[in-house]
Each structure stands twice: as C-alpha cells, then as structure tokens.
J.: 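Quick one: the structure is below, and I'll ask about it shortly.
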There are 2 protein chains.
Amino acid sequence: MATKNQASGGVSRQVLADHVYEALLVALMDGRLEAGTPVSIDGMARELDVSPTPVREALARLEATGMVRRAALRGYRVAPLFSPEELADLMDARLVIEPANAFMACKHADPQLPGQLEQAIEDLKAAPRGPSFAEFRAYWEADERFHRLIAESADNQFLLSAYNALGGQVQRFRFFGGLGVTDADYAISEHTEILKAFVAGNAELARQKMIDHIEGAKQRSQHDSEVRS
Amino acid sequence: MATKNQASGGVSRQVLADHVYEALLVALMDGRLEAGTPVSIDGMARELDVSPTPVREALARLEATGMVRRAALRGYRVAPLFSPEELADLMDARLVIEPANAFMACKHADPQLPGQLEQAIEDLKAAPRGPSFAEFRAYWEADERFHRLIAESADNQFLLSAYNALGGQVQRFRFFGGLGVTDADYAISEHTEILKAFVAGNAELARQKMIDHIEGAKQRSQHDSEVRS
DNA sequence: TAAGCGTAGATCCTATAGGAAATGCGATTC
DNA sequence: GAATCGCATTTCCTATAGGATCTACGCTTA
C-alpha cells in the first residue's frame with residue numbers, strides 16, 4: 001500500500017524493510033500470527049534472514065496501521081482481533097467519513113472516476129474468494145480500491161488521511177483469514193448502486209447509497225463475528 | 001503525544017528515539033526546520049549526538065504524522081507548510097469528524113467530562129501566547145486537550161484514530177511559529193459555548209457549537225495565511 | 001560556450017556487536 | 001505450602017562499520 005515501485009528500471013533493488021513489511025502483512029492476514037502473539041524483533045530477523053534494523057523499521061510502519069502495538073522496552077505484539085463491538089464502532093466511524101467522501105467526490109465530478117469505479121467492481125466480481133490471504137488478496141485490493149478512489153476524488157488530503165487512519169479497512173479483512181470472503185454478492189450490488197449515483201451526478205444520492213452500503217456491511221460483519229466465535 | 005512515560009519510577013530512562021522525536025518536533029514547530037529542508041539521518045544523528053538508528057525510528061514515526069515525507073533511497077524532507085487551500089481543507093475535514101465526536105461524546109454523558117473540559121479552558125486562558133514554540137506550547141497543549149477529550153469521550157477508537165490522523169492539529173500550529181497565537185480570545189469563547197452544551201446534555205447543540213467553532217477557526221486561519229504571505 | 005564524463009563526498013541502507021532491561025525458572029526461606 | 005530472591009536467558013536498544021547509491025563539482029572535449 002504505502003510503498004510504490006518506481007516506474008523506470010524494473011528490478012530496482014527494493015528496500016529490505018519493504019519486503020519485511022510485506023511478509024509481516026501476509027502473516028497477519030493469513031492468521032499465522034495470532035492476536036496477542038509477541039513479535040520479537042530479533043526473532044523475526046532470524047526467521048526472515050535479515051538484520052534487526054529493517055525489521056524495526058517495518059514494525060514502526062505497521063504500528064501506524066494498528067496491526068501491531070508497541071510497549072516501550074517490551075517490544076511489539078499482534079493487536080487483538082476486533083470484538084463485535086469494535087467492528088460496529090469501525091462501521092460507525094466509516095459512516096461518519098465515507099458518506100462525506102462520496103458526497104464531495106460526486107460534487108467534483110471527475111469524468112474519469114465512473115470508469116475507474118466500474119473497473120474496480122469488475123475486478124471485484126472476477127476475484128477469487130478463498131480462505132488464504134494469497135487467494136482473497138485480489139478481492140481485498142479491488143474492494144479497497146473502490147473506496148479509496150472515492151476518498152481520493154473527494155480531493156481533500158485530510159479526509160483521505162482520516163480514511164487511511166481507520167486502518168480497520170485492513171484489519172477488517174483479517175476476519176476472512178481461514179474463512180474466505182463471505183459478503184461478495186452484497187458488496188458488488190451495493191457498489192453498483194453507488195456507481196449509478198455517480199453516473200447520475202447526484203451527490204446526495206451517492207451519500208445515501210454509501211450509507212446503505214456501510215450499514216449493510218455492518219450487519220453482515222456482525223453475523224460473521226458470531227459465526228467465528 | 002504517542003509516548004507515555006511510565007507512572008512508577010520517575011527517572012525511567014526514556015528511550016532515545018523519544019528524545020529525538022521530541023527534538024525534531026520542537027525544531028519543526030519553531031520553524032527552524034523549514035519546509036522542503038532535507039533531514040539527513042546521519043547529519044541529525046551527529047547533531048543530536050546519537051547514532052542513526054534511533055533517528056531512523058523517530059523519523060519513521062514522524063512520517064505517520066505528515067510532518068516529514070520519505071522518498072525511498074533519498075531520505076526525508078520536511079513537509080511543506082499548508083497553503084490557504086489546504087488549511088481550508090483541513091477545516092472541512094474537521095467539520096466532518098469533530099461535530100460527530102461532540103454529538104457522540106455528549107450522548108455518552110461521562111460525568112467527569114465537563115470538569116475536565118473546564119480545566120482545559122482555564123489552562124487555555126492562562127497560557128502564554130508568544131512566538132516561539134517554547135512559549136505557545138502550553139497553549140497548544142490546552143487547545144489540543146480540549147478537542148482530544150471530546151474525541152476520546154466519543155468512545156470510538158476509530159473516530160479517535162481519524163481525529164489523530166488529521167495531524168493538522170499539530171501542523172496547523174506551525175503557523176504560529178514566529179507569529180504567536182492570534183485567535184485565543186475567540187477560541188476561548190467558542191470552547192465555552194461547547195462546554196455549556198455538554199453541561200446541558202444537549203447533544204445536538206454540542207454538535208452545532210462545534211461546527212460554529214471550527215468554521216470560526218477556518219475563517220481566522222484564512223486571515224492568518226494572508227497576513228503571513 | 002555548452003555538453004558529457006568521471007571522481008569525490010555525502011547519504012542511505014544493512015549487518016554486527018555489546019550493554020541494559022525484562023522475563024522465566026529454580027532454589028531458598030518463612 | 002507459599003512467597004521471595006537470585007541467576008540465566010531472551011529481548012530490546014544503541015553504537016559502529018562497511019557496502020551501495022545518489023549528488024555535486026570540476027575537467028575534458030566538441
């Protein structure tokens with residue numbers, strides 16, 4: 001996410017910290033690193049066959065996403081999975097931010113946006129939905145891209161930061177580790193409704209459809225939580 | 001901000017990275033590190049007489065606040081000051097998040113909250129307002145505490161994260177470097193209005209007063225931007 | 001005069017080593 | 001039997017060193 005490979009070149013010896021970040025992300029999403037597990041800097045360095053320095057930097061970045069937590073002089077631990085209450089809180093927070101994003105993005109009326117949104121929906125339809133992160137990663141990225149496109153088109157870097165900070169956008173998908181994606185059909189349908197509002201240029205409708213979508217996701221996530229427990 | 005000193009002990013040998021973080025923060029707020037200036041890891045390490053490792057970690061944390069930006073293999077640079085347009089965007093983002101915080105916080109009706117808010121207002125009145133960060137730091141902290149108390153009382157960790165992510169709460173005050181605080185009287189008055197709504201337990205009024213406050217701050221910040229340019 | 005190249009310096013990135021603190025376990029004592 | 005103390009191991013934190021890359025400056029050449 002935060003890293004981007006430079007366009008020119010090709011191989012472009014990537015920074016090690018990026019590899020470590022990626023490896024930790026996959027491990028977290030697959031559920032291999034369970035909630036509460038301590039993440040030893042030295043240990044992880046041995047496991048990935050690198051020095052502790054890039055591991056330290058990768059963990060510092062991960063901490064900002066909320067995936068791990070740091071206690072001074074005690075190291076990092078994997079953040080706990082969301083409780084149903086926290087998941088509901090996350091959706092409430094999204095209900096504050098994302099409808100506003102949709103409204104503003106629709107106001108700006110970027111002519112390229114509808115096409116990009118449609119592409120994201122198509123990718124969502126095509127993506128596999130298996131239980132391992134390697135499988136549902138494409139789904140996650142398509143879903144994320146849809147919401148991020150809207151957040152970016154709102155053209156307000158701070159709202160974008162706020163959206164990013166929710167982070168739960170990432171964490172939410174940790175639930176799918178070992179389960180697979182469960183709400184694809186609903187999500188595709190609701191995304192399409194939002195797209196329609198954008199095509200029509202109806203900002204107020206876009207806001208409302210976004211509300212509908214997130215409230216739907218909220219209810220479905222509650223159901224998933226109960227299944228898992 | 002993000003760091004907390006452990007309660008017991010007292011001296012509690014702080015982590016060096018925290019000192020570096022603090023030093024960089026002060027330098028940024030005072031305007032000693034101007035926008036666009038490269039922040040050399042090795043150079044900063046020499047200047048602060050530490051090794052590059054804690055500097056690297058401090059910069060990684062600062063990057064998450066938006067105060068500095070990192071280009072892979074090229075190091076860090078001080079993020080540019082906000083343009084008037086960006087400042088307006090920041091206020092628009094606050095208008096999305098903070099009124100919702102106020103509404104929810106008032107709904108929760110923590111009996112301790114009004115007293116704490118009043119204390120924050122009193123501190124705001126008492127704080128000096130000079131042009132250097134050392135002088136107006138107390139003011140900044142009292143203002144920050146007022147808004148943060150409300151954000152925390154909303155009792156939704158994600159909205160709190162979103163509020164933190166704005167970060168502009170910090171950056172905004174970079175404008176006061178060399179100028180001093182300019183809108184203290186207005187801020188105190190508006191904060192008091194918000195407090196009244198909390199005391200009355202009127203959530204809808206709290207939301208509205210927060211809107212009034214931020215819109216006021218928006219207009220005043222625009223004025224400051226013009227003065228500075 | 002302007003453009004291209006090469007070298008020197010600075011900087012980033014990674015690895016390694018060592019001191020300090022924290023955790024865990026066993027022995028001792030009340 | 002339970003609690004406390006002490007030691008060993010693990011882990012974090014910081015410093016130092018070296019290789020790789022980028023930047024800047026001066027020189028050569030057309």
Side-chain angles (χ1 to χ4, degrees), chain A residues 2-25 27-28 33-64 67-79, chain B residues 2-25 27 33-34 36-64 67-79:
Chain A
T3 79
K4 65 175 173 185
N5 35 8
Q6 49 198 65
S8 69
V11 275
S12 79
R13 204 174 69 84
Q14 248 198 340
V15 177
L16 264 190
D18 294 341
H19 286 308
V20 176
Y21 184 94
E22 183 76 6
L24 284 171
L25 181 66
L28 286 164
L33 284 178
E34 284 183 13
T37 307
V39 182
S40 159
I41 293 177
D42 289 353
M44 192 55 61
R46 281 192 299 273
E47 190 171 328
L48 300 179
D49 201 47
V50 295
S51 84
T53 309
V55 174
R56 181 176 293 275
E57 185 166 333
L59 283 170
R61 291 188 211 164
L62 271 176
E63 191 192 5
M67 303 275 284
V68 300
R69 290 179 184 172
R70 166 177 173 274
L73 300 177
R74 287 197 192 177
Y76 293 86
R77 307 182 80 87
V78 177
Chain B
T3 78
K4 67 175 173 186
N5 34 7
Q6 48 199 66
S8 68
V11 277
S12 78
R13 201 177 70 87
Q14 244 196 342
V15 177
L16 264 191
D18 294 341
H19 285 308
V20 176
Y21 183 95
E22 183 76 5
L24 284 170
L25 181 67
L33 285 178
E34 284 184 13
T37 306
V39 182
S40 158
I41 294 176
D42 289 354
M44 192 55 62
R46 283 193 298 274
E47 190 171 328
L48 300 178
D49 201 48
V50 296
S51 84
T53 310
V55 175
R56 182 176 293 274
E57 185 165 333
L59 282 172
R61 290 188 211 164
L62 270 176
E63 192 192 3
M67 304 272 285
V68 300
R69 290 177 184 172
R70 168 177 173 273
L73 300 178
R74 286 200 195 175
Y76 294 86
R77 305 182 82 86
V78 177

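Every heavy atom of this structure was used, including side-chain atoms; hydrogens, water molecules and symmetry mates were not. Chain letters run A, B, ... following the sequence lines, proteins first and then strands; every chain starts at 1.
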J.: Which one, C:dC13, D:dA15, C:dA21, comes nearest to the side chain of A:Leu73?
T.: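 Of all the options, the side chain of A:Leu73 is nearest to C:dA21.
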J.: I'd like to check A:Leu28 versus A:Leu62 (side-chain heavy atoms, cut-off strictly below 4.5 Å). Are they in contact?
T.: yes
J.: Using the side-chain contact (heavy atoms from CB on, under 4.5 Å) definition, which of the options B:Met67, B:Arg70, B:Arg69 pairs with B:Tyr76?
T.: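 Output: one option passes, namely B:Arg70.
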J.: Do you know which two heavy atoms are closest between A:Ala58 and A:Val20, and how far apart they sit?
T.: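 Reported closest heavy-atom pair: CB-CG1, 3.7 Å.
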J.: Using atom NE2 of A:His19 as one end and atom P of C:dC13 as the other, report the distance to the nearest whole Å.
T.: 14 Å
J.: For DNA chain C, whose closest nucleotide is more 5', that of A:Ala17 or that of A:Arg74?
T.: A:Ala17
J.: Can you tell me how far the CZ atom of B:Arg77 sits from the OG1 atom of B:Thr37, to the nearest 0.5 Å?
T.: 8.0 Å
J.: Which residues in residues 51-59 of chain A have at least one heavy atom lying under 4.0 Å from any atom of DNA chain C?
T.: A:Ser51, A:Pro52, A:Thr53, A:Pro54
J.: What integer distance in Å separates A:Asp49:CG from C:dT14:P?
T.: 14 Å
J.: Counting only non-hydrogen atoms, which of residues 37-46 of chain A are less than 4.0 Å from DNA chain D?
T.: A:Val39, A:Ser40, A:Ile41, A:Asp42, A:Arg46
J.: Do you know which two heavy atoms are closest between A:Leu59 and A:Val68, and how far apart they sit?
T.: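 In this case the closest contact between A:Leu59 and A:Val68 is O-CG2, 4.0 Å.
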J.: Hey, can you pull the donor-acceptor pairs under 3.5 Å for the side chains in residues 42-56 of chain A, sequence neighbours left out?
T.:
{"residue": "A:Ser51", "atom": "OG", "partner": "A:Thr53", "partner atom": "N", "Å": "3.4"}
{"residue": "A:Arg56", "atom": "NH1", "partner": "B:Glu57", "partner atom": "OE1", "Å": "3.3"}

J.: Please report the distance, rounded to the nearest Å, between CG in B:Leu16 and C1' in C:dG19.
T.: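 Spelled out: CG on B:Leu16 to C1' on C:dG19 is 13 Å.
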